[in-house]
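Here's the structure we're looking at; comments come further down.
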Amino acid sequence: MNLACIDGLTSHLIQAHGAADLETTITPDLCPPGMCGDVTVNCFRIAKAFGSNPMSLAQEAASYLDTHPDVSQVEQIKAFVNITLEISALYRDTIADMDGLLGKASVPVSSKKRILIEYSAPNTNKPQHLGHVRNNTLGSALCSILSSVGHDVTAVNLINDRGIHICKSMLGYQRFGDDSSPESAGEKGDHFVGGFYVLFEKEVRRQADVLKASRPEFKDLSYDELFPETEVGQSAQELLRLWESNDSDTRDLWQKMNNWVLSGFDETYKRMGVAFDRVYFESATYEFGKEVINRTLKIPVFYRRDDGATEIDLDDVNLGKKVVLRSDGTSVYVTQDIGTTIRKHEDFAPDSMIWIVGDEQIHHFKVLFAILAKMGIPWSDQLHHIPYGMVNLPSGRMKSREGIVVDADELFDEMTGLAREATLERWADEVPADLDERSEIIGMGALKFMLLKVNPKTTMTFDPNASMKFEGDTGPYVQYVYARIASILRKLDANVLQVDTDWSLLKEPEERLVAIQCGFYPAILLNAAGNFDTSVVANYLLDLTKAFNRFYKKHSVLSAATNELTTARVALCRCVQTILREGLRNLSIQTLESM
RNA sequence: GCUCCGGUAGCUCAGUAGGAUAGAGCAACAGCCUUCUAAGCUGUGGGUCACAGGUUCGAAUCCUGUCCGGAGUACCA
C-alpha cells in the first residue's frame, strides 16, 4: 500500500537518522479491529533499521504523522502507531486511481523474468485423481499470478507415457480387454485404460497370494517384492523389453492406448481451464539424459564404478552418491530429468525454471539440481522445485492401485451437480437459461478455491462429505459478492449517477475498510508471486469480501440518501468488483453476473 | 538409523523478516429476509499454540531436547 503519509514518514526518518538501510520500506498493516485507526505502523519491526529503539521511534513517527496533512488522527500504543487518514487521502491513495493501483501489482522491469513452469506431468496408465487436481490447479494459478505481476510465463507438461506402469495397463488390456475400446465400452478413454491397470494389479495380487501359499520363502514378502516373481509381472517386464526394442505390435497397442488416455485428459484439462504452451512426451525425451551423460563422461564429475555403473559423488552437499547410468547403460529417473531440463532450456532459454511436483520428490530435485551444478551448468541456480503436500482422505492416503481414490472427473460432476441443485433451489420460479454454465463455474470454483486457499506445502485432508460446501470461506462466497455487485449495477438507474465521484462522501467505517482492503491487493499479489503461494490471494479475497458484505448489509447503494452518495458507493462497488475479478482470475476461477 | 516436513478450537485450516487481547470457516447454540440476491449478516460458547527447557523487554514464530504423525533415504518412477 502506497500511502503518501507513509512515504513522507519514511523520508523523514531517513533524514533524521542518517543513512538507514535502503532496503527498508515501511509497510503499514491493517489496523486490528477494536483499535482506532485505518492502518498501523509497527515500530518494533523498523526500529533496528533506523538505529533507534521502538518506543522513541514510535513517538517520533507519531509526532511527524500528527502534523501531516493526510492524517486526521494518530494514536500511539507502545511501539504501534495507529493512523486515521484524512478522508481525501484515504481514497486518493487507494481506489480513486484503480489503474494506478493495479499497476502497482507488478514487479520492477529489471526483475521481470522469462519463466518456464512445468506441472501436471501425468502418467498415461490411469485417470487423474484429486492429487492431480491440486497440482493442475496450483500450476495454472501460479502461471496466472506470475504472468500477472509481469513475468513472461511458459507452461509445459511432461507426459509420462512410458515405463513399467504403462506396460501394466497394456498387459491388463491384452489379458482382459477382449478388443474392446472406450467407444464400445461407453467410457472416457483414461478411465477405460485405468480399469485395466486396476485389473492388472488385482491379478498380481492373486498370483502373489498363490505364491505365498505354496512357497514358504515368499510368505512374508510384500506384493511389490513378489511382483517380479509373478507370471504377469514377468510378462509386463517382457512387454517393456518389447516396447524398448520397438516391437511394432507393442508400439501399436501402446500408441492406441495412450491416445485413449490423452483424449480423456484433454477433457479433464479443458474442464479445469488448464492449458499448456508445450507438451513433452517422456517416450521422446527419456534418452536425452543418457546422451548428455555420455557426452559429459569426460568431465570428471561422473565416474565409472567397478561394476560398470556410472555415478556422481554428491557427498559434499550431503546428498551421497547417485547412480546416473545403470551397469547395463540404461538411464534412471534423474538421468531423464537431466536430459529434459537441458532440452527445455535449449527450447525456451528461460531465466528461471519451475517444477510443480509433490513434496515426496523434494530429495529428487535436490539431487537433480546438485548434479546440474556439478556439471557446470551456469543456470543451475535458477531452478526451483515448488513442492506441494499430498491430499489425503479421512481414511488415509489415496491408493490408485487399489482404486481408493477421489477421481477427478467424478469429483467435478459431484461439485457441479451440487451447484446445480443449489441454483435450482434459489431460482425455483425462473430457472436460468445458463444453468449448466453457472453450475460449472460455481462447482469448479468451489473445488479450486478449496485447494488454493490452503498453503501449497500443507498436507491437506479432503473430506468429501464436509468439503463440498458453498457457504463460508469458499469460492462461491467470493463469487457471490461479485454477483451481488453485478446485480446492483444492473438495477442502477444511470440517470442518478453524477458526473464526478466525490469519494469524501464515503465516511462510514465499513466503506473505509473496504477501500483500505482494496489498497492491499498489489502487495498481496506480489507476495503470492514471490513465494509461489496461492493461499495468500485466496485468503485476501475472503477478507475483502467479508469487508464488503458488512458494508453491503449496513448501507444501501441504490437507496443512498443522495445521488452523490449513490455515485460514490457505485464507484466503490466497481473497484471491489475489479479486484475480485482480477483476484479470482489469478486463481483460475471464473466470475458470474448472476448466481 | 539418517534427512526433510508437520503437530494451533470438536473438524478443516490461517497466522514464521519475534510484537497489541492467538484468527477464520465448518459444526453447536441464539438472533436477522415488507429494504440493492439469506450462497448473506449479527452474537454466544469453544485454545496448556504437542511437551520440556533456553535466548529475549517480548516466543505459536528463533535454538536445544523429548514425544507423536507423514514423507524421503534404489542400478523404482
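Source: prediction; values computed, not measured. Note: hydrogens, waters and symmetry copies are ignored here, and every other heavy atom, side chains too, is used. Chain letters run A, B, ... following the sequence lines, proteins first and then strands; every chain starts at 1.
- To the nearest 0.5 Å, atom CG of residue Leu505(A) and atom OG1 of residue Thr562(A) are 6.0 Å apart.
- A close approach under 4.0 Å does not occur between any side-chain nitrogen or oxygen of Asn160(A) and OP1 or OP2 of A77(B).
- For the P atoms, the distance from U55(B) to A22(B) is 24 Å, rounded to whole Å.
- Note on Arg397(A): a side-chain N or O is less than 4.0 Å away from OP1 or OP2 of A71(B).
- Per the geometry, CZ belonging to Phe470(A) stands 12 Å off P belonging to G40(B), to the nearest Å.
- For Asp493(A) and C36(B), the CG to C1' distance is 14 Å, given to the nearest whole Å.
- A salt bridge links Glu511(A) with Arg569(A): the distance from a Lys NZ or Arg NE/NH1/NH2 to an Asp or Glu carboxylate oxygen falls below 4.0 Å.
- A50(B) and A9(B) have their P atoms separated by 8 Å, given to the nearest Å.
- At A38(B), one or more side-chain N or O atoms of Arg484(A) fall inside 4.0 Å of OP1 or OP2 (strictly under the cut-off).
- Comparing A60(B) with G69(B), their P atoms are spaced 26 Å from each other, to the whole Å.
- Applying the 90° criterion around 0 to the glycosidic angle, C33(B) comes out syn.
- For the atom pair Thr566(A) OG1 and Leu497(A) CG, the distance stands at 8.0 Å (nearest 0.5 Å).
- For residues 451-474 of chain A, the side-chain hydrogen bond (donor to acceptor under 3.5 Å, both in side chains) pairs, not counting sequence neighbours, are Asp473(A)-Lys546(A).
- Across all strands, Ile485(A) comes closer than 4.0 Å to no nucleic acid atom at all (heavy-atom distances).
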Shorter than 3.5 Å, N or O on both sides, protein versus nucleotides 19-24 of chain B: list them out with atom names.
residue, atom, partner, partner atom, Å
A20(B), N6, Thr40(A), OG1, 2.7
A20(B), N6, Asn82(A), OD1, 3.1
A20(B), N1, Asn82(A), OD1, 3.1
A20(B), N1, Asn82(A), ND2, 3.2
A24(B), O2', Asp473(A), OD1, 3.3
A24(B), O2', Asp473(A), OD2, 2.6
A24(B), O2', Lys546(A), NZ, 2.7

Could you go through Arg581(A) and Tyr482(A), starting from their C-alpha distance and side-chain angles, then the distance that decides it, and tell me whether this counts as side-chain hydrogen bond (donor to acceptor under 3.5 Å, both in side chains)?
CA-CA 8 Å; Arg581(A) 191 193 313 109; Tyr482(A) 185 94; 3.2 Å; yes
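- Glu238(A) has a carboxylate O that lies under 4.0 Å from a charged side-chain N of Arg241(A), or vice versa, which qualifies the two as a salt bridge.
- No contact: Ser467(A) has no heavy atom under 4.0 Å from any strand.
- Look at the P atom in both G25(B) and U61(B): the space between them is 25 Å, to the nearest Å.
- Residue Met390(A) contributes atom CE, which lies 12 Å from atom C1' of G6(B) at whole-angstrom precision.
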Dump the pairs, protein N or O against N or O of nucleotides 9-13 of chain B, anything under 3.5 Å, distances to one decimal.
residue, atom, partner, partner atom, Å
C13(B), OP1, Thr461(A), N, 2.3

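- Looking at Arg304(A) and Glu311(A), no side-chain N of the basic residue comes within less than 4.0 Å of a carboxylate O on the acidic one, giving no salt bridge.
- Summarising the base pairing, C11(B) is matched to G25(B) through a Watson-Crick or G-U wobble pair whose two defining distances lie under 3.5 Å.
- For the P atom pair drawn from G45(B) and A30(B), the interatomic distance equals 15 Å after rounding to whole Å.
- Shown here, G53(B) forms a base pair with C63(B); the pair counts as Watson-Crick or G-U wobble because both key distances fall under 3.5 Å.
- A gap of 46 Å separates the P atoms of G58(B) and A74(B), to the nearest Å.
- Between Lys554(A) atom NZ and G43(B) atom P there is a gap of 10 Å when expressed in whole angstrom units.
- At a threshold of 4.0 angstrom between heavy atoms, the contacts of Ala483(A) include nucleobase atoms, whether or not backbone atoms are also involved.
- Taking a 6.0 Å sphere around CD of Gln336(A), one finds it holds more than 12 heavy atoms contributed by other residues, nucleotides or ligands.
- Asp315(A) has its CG atom 15 Å from the P atom of U3(B), to the nearest Å.
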Dump the intermediate steps for side-chain hydrogen bond (donor to acceptor under 3.5 Å, both in side chains) on Thr40(A) and Asp29(A), then the final yes or no.
CA-CA 5 Å; Thr40(A) 186; Asp29(A) 296 317; over 6 Å; no
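- Atom P of nucleotide G40(B) and atom CG of Asn549(A) are separated by 8 Å, given to the nearest angstrom.
- One can place CD of Glu471(A) at 11 Å from C1' of G25(B), the figure rounded to the nearest angstrom.
- The nucleotide C2(B) finds its pairing partner in G72(B), both defining distances of the Watson-Crick or G-U wobble pair being shorter than 3.5 Å.
- Between Leu541(A) atom CG and A14(B) atom C1' the separation is 15 Å, expressed in whole Å.
- Using cut-offs of 30° and 60° for the angle between ring planes, the His364(A) and Tyr333(A) rings count as parallel.
- The listed nucleotides are U16(B), A77(B), C36(B); the one nearest the side chain of Lys457(A) is U16(B).
- A distance of 9.5 Å separates CD of Glu287(A) from OG1 of Thr330(A), quoted to the nearest 0.5 Å.
- Only the C1' atoms considered, G19(B) is 14 Å distant from C62(B), to the nearest whole Å.
- Note: Arg343(A) CZ to Glu291(A) CD = 7.5 Å, rounded to the nearest 0.5 Å.
- Relative to the side chain of Arg326(A), the nucleotides C76(B), C36(B), U73(B) differ in distance, and C76(B) lies closest.
- Comparing Ala422(A) and His555(A) by the nucleotide of RNA chain B whose heavy atom lies nearest to each, the residue mapping closer to the 5' end is His555(A).
- Atom name P, nucleotides A27(B) and U42(B): the rounded distance is 16 Å, in whole Å.
- Nucleic acid contact class of Arg550(A) (heavy atoms, under 4.0 Å, all strands): sugar-phosphate only.
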